[in-house]
Amino acid sequence: MKKVITVLMALTMVFGIAGIVSAEAIDATNCAGDGGNLIVPGCGFQPTEQGPPMDCGPFDFEADRCTGKQENRALFPVCECVEEGYYDELLTDTEYGIRMTILVDKHDGQGPVEGDNFVYWAGEGDAGGDGIADLNDGIDVMIFDREGQACETDSLGNYTGAPLASPVEPNAFGASFDDFDFRLANGNAGTPDACAKPNDDCGNCADLWRVVELELKDTVEGFLTESGDSSNWVIDIPDMWADLPNAQAGWTVYVEVCLNQRGDAGQGRENMCVDCNCCFMLEVGTLCCDSAPSSCEDILTFPYFPSKDNFWLGMAITNTGSEEGTATITIYETNGETATITETVAANSTKIITDFAANTSGGAVQAYAKAVCEFPASGFAMFGQVGAGDESLGYLAERCGTCSSCDH
């Protein structure tokens with residue numbers, strides 16, 4: 001049984017009206033692990049390849065990551081709703097509604113709190129992979145019989161587990177933007193919209209656009225369960241908007257996802273169980289990419305070179321980073337002698353070094369070399385027989401995996 005977390009919520013006063021989330025929520029599962037940092041347009045120090053610093057578009061839970069880590073996937077093990085006493089049982093031919101509420105942990109000791117925390121649902125028509133614009137097709141849901149299948153990936157981190165067939169996918173919850181109620185932090189109705197247009201200054205979010213909650217309308221048909229062994233639901237999380245600089249880098253965003261058990265589908269859309277809300281807490285991620293470190297260090301080991309008297313020797317060191325850096329190469333000979341040389345390697349390039357053995361005190365005996373590189377590095381060694389050239393060898397350098405401070 002997954003741990004049920006207790007979210008202690010202080011009343012957040014907005015125009016004199018308070019909003020709190022459910023007292024308890026079940027931990028949702030992210031197939032990728034923790035949410036990590038999120039690429040949030042407007043942060044100003046995100047990698048340039050992710051867009052202009054002041055492009056104030058929405059951010060996406062599923063895809064926008066600051067690293068090359070496996071994409072997020074929000075998985076809701078709905079059998080937990082029965083185990084924790086929210087539902088008496090889960091049956092086929094049962095209808096469910098959904099509500100999603102944004103919470104923010106400002107790391108001030110209050111935990112994730114609901115309210116006007118400057119993170120909102122994005123507006124209709126915004127560009128973005130899996131965003132609120134897709135509410136014109138409802139909220140996507142894929143169903144799986146087991147968690148392992150839902151999170152199954154190939155060597156590249158792409159999800160490969162096949163979901164069970166569902167006639168209502170992808171629009172499991174709703175089928176249009178108008179199928180949802182949108183609420184502000186004070187409980188009043190609002191409409192998601194662009195808090196700032198692309199290439200405008202960030203932080204221009206009108207009051208009626210500061211939507212923190214969306215909910216499928218009671219009059220709209222919800223998700224219908226149709227088969228057994230389908231207790232793991234992957235639910236798409238719509239795009240969100242960070243009102244920068246009011247929202248701050250380092251704040252962690254959560255979404256509370258509540259599933260409402262409405263009753264048998266054959267009995268119509270009447271909400272038969274208004275208190276039967278089973279809520280999950282999902283960590284979306286921490287706003288903004290970390291500032292790129294000014295330098296990092298990789299250590300490459302070239303474990304074998306023969307005597308230079310009989311072989312020509314060489315090594316290649318590749319800088320895969322965006323800035324030039326220095327490689328300090330130390331040669332260790334079997335007779336105990338050492339020598340060190342320093343080479344500058346340009347960004348995104350390879351340096352071929354063929355005279356390193358000449359810098360040792362002798363170079364006529366077997367040796368190995370270690371290169372301390374102030375950049376993300378990879379390496380290749382090569383040597384061949386002098387003269388006839390009928391013997392040669394090449395190998396990849398060993399990178400110290402436990403002492404590297406570079407991203408690869």
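Interatomic distance, OG1 of Thr338 versus NZ of Lys370, reported as 12.0 Å (0.5 Å rounding). Interatomic distance, Leu287 CG to Phe118 CZ, rounded to the nearest 0.5 Å: 12.5 Å.
Considering Val211, Thr191, Val212 as possible partners of Leu184, the one that fulfils the side chain to side chain contact (heavy atoms under 4.5 Å, CB included) test is Val211. The only member of Val78, Asn277, Leu90, Asp88 that meets side chain to side chain contact (heavy atoms under 4.5 Å, CB included) when paired with Gln261 is Leu90. Checked options Met240, Met281, Glu283; the residue passing with Val255 is Met240 (criterion: side chain to side chain contact (heavy atoms under 4.5 Å, CB included)).
Between Tyr332 and Tyr368, the angle of the ring planes stays under 30°, which puts this pair in the parallel group of the 30/60° scheme.
Counting heavy atoms from C-beta on, the side chains of Val104 and Val113 never come closer than 4.5 Å. A heavy-atom distance below 4.5 Å is not found between the side chains of Val119 and Trp241.
Under the 4.0 Å criterion applied to side-chain N and carboxylate O atoms, Lys217 and Asp179 are not assigned as salt-bridge partners. Ion pairing between Glu215 and Arg183 holds under the 4.0 Å rule for side-chain N and carboxylate O.
Between Phe144 and Trp233, the ring centre distance reaches or exceeds 6.0 Å. A centroid separation of 6.0 Å or more is found between the aromatic rings of Trp209 and Phe182. Under the 6.0 Å cut-off for aromatic ring centres, Phe280 and Phe76 qualify, their centroids lying closer than that. A distance below 6.0 Å separates the ring centres of Tyr304 and Phe383.
Side-chain polar atoms of Thr340 and Thr330 form a donor-acceptor pair below 3.5 angstrom. When only modelled atom types and interatomic distance are considered, Glu152 and Thr160 share a side-chain donor-acceptor pair under 3.5 Å. Between the side chains of Thr286 and Thr252, at least one donor N or O lies within less than 3.5 Å of an accepting N or O.
With 2.5 angstrom as the limit on SG-SG distance, Cys278 and Cys81 come in below it.
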